[in-house]
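The figures here come from the full heavy-atom set of this structure, side chains too, leaving out hydrogens, waters and symmetry mates. Atoms within a ligand are numbered from 1 in the order they appear, just like the ligands themselves.
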Amino acid sequence: MRILVLNGPNLNLLGSREPEIYGLETLADIEALLRNEAADLEDIELAFVQSNHEGALVDAIQEHRDWDGLIINAGALTHTSIAIPDAISAVGIATVEVHLSNVFAREEFRHHSYISPVAWGMITGFGYRGYLVALDLLHDLLSEQAELEQE
Ligand code: CA2
């Protein structure tokens with residue numbers, strides 16, 4: 001099972017600024033935690049991409065068109081991008097949307113996500129743990145789907 005973990009603008013700054021909102025962990029810490037979790041789940045290959053550029057995120061989604069799952073935190077592009085959800089729909093990849101902070105407890109403009117309608121679901125407000133839950137969920141749901149397809 002191959003899963004792409006995609007992070008958008010400014011998430012490369014994690015751990016260095018605003019820890020009260022985004023936590024103390026760096027993106028490298030989150031990658032290491034996910035790789036640990038993936039090793040426990042055994043049959044998972046992970047790829048990590050972070051970009052501050054919308055087009056690079058679209059490219060990454062297209063380049064992983066044959067992969068099984070996508071965990072995405074599109075950062076502020078969550079609230080503005082149409083190209084990212086279009087790419088997700090176009091390649092038809094199983095997607096879980098993650099946000100470190102609780103976007104619904106913040107400014108009104110963060111309450112709307114263009115990604116949610118094309119995702120299986122959203123995890124918001126649980127810091128880095130949201131990525132780990134997203135990986136567990138995708139692993140369970142994709143395994144279940146594969147079993148059903150075999151019947
Ligand atoms: O809570 C999240 O994960 C967000 O996707 C983070 C975005 C924000 O625009 C979304 O509304 C919610 C911002 C990412 C900025 O990341 C930083 C990390 C460290 C220091 C400053 C910004």
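Looking at His79, its side chain does come within 3.5 Å of a backbone N or O of His112 through a donor-acceptor pair. Distance alone, capped at 3.5 Å, places no donor-acceptor pair between the Glu97 side chain and the Ala119 backbone. Side-chain atoms of His111 come within 3.5 Å of backbone atoms of Arg106 as a donor-acceptor pair (strictly under, hydrogens ignored). In this structure a side-chain-to-backbone donor-acceptor pair under 3.5 Å is present from Asp68 to Arg2.
Across every non-hydrogen atom of Leu46 and Ala38, the tightest pair is CD1-CB, 3.7 Å.
Trp67 belongs to a hydrophobic cluster with Leu4, Leu6, Val49, Leu57, Val58, Ile61, Leu70, Ile72, Leu77, Ile84, Ile88, Val91, Ile93, Ile115, Val118, counting contacts under 4.5 Å between side-chain heavy atoms of Ile, Leu, Val, Met, Phe, Trp and Tyr, direct or through other members.
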Check ligand 1 against the protein and report each N/O to N/O distance under 3.5 Å, formatted as atom name, atom name, distance.
from, atom 1, to, atom 2, distance (Å)
ligand 1, 1 (O), Leu100, N, 3.3
ligand 1, 1 (O), Ser101, N, 2.9
ligand 1, 1 (O), Ser101, OG, 2.5
ligand 1, 3 (O), Asn73, ND2, 2.8
ligand 1, 3 (O), Leu100, N, 2.7
ligand 1, 5 (O), Asn73, OD1, 2.8
ligand 1, 5 (O), His99, ND1, 2.9
ligand 1, 9 (O), Ala76, N, 3.3
ligand 1, 9 (O), Arg110, NH1, 2.9
ligand 1, 11 (O), His79, NE2, 2.7
ligand 1, 11 (O), Arg110, NH1, 2.9
ligand 1, 16 (O), Asn10, O, 3.4

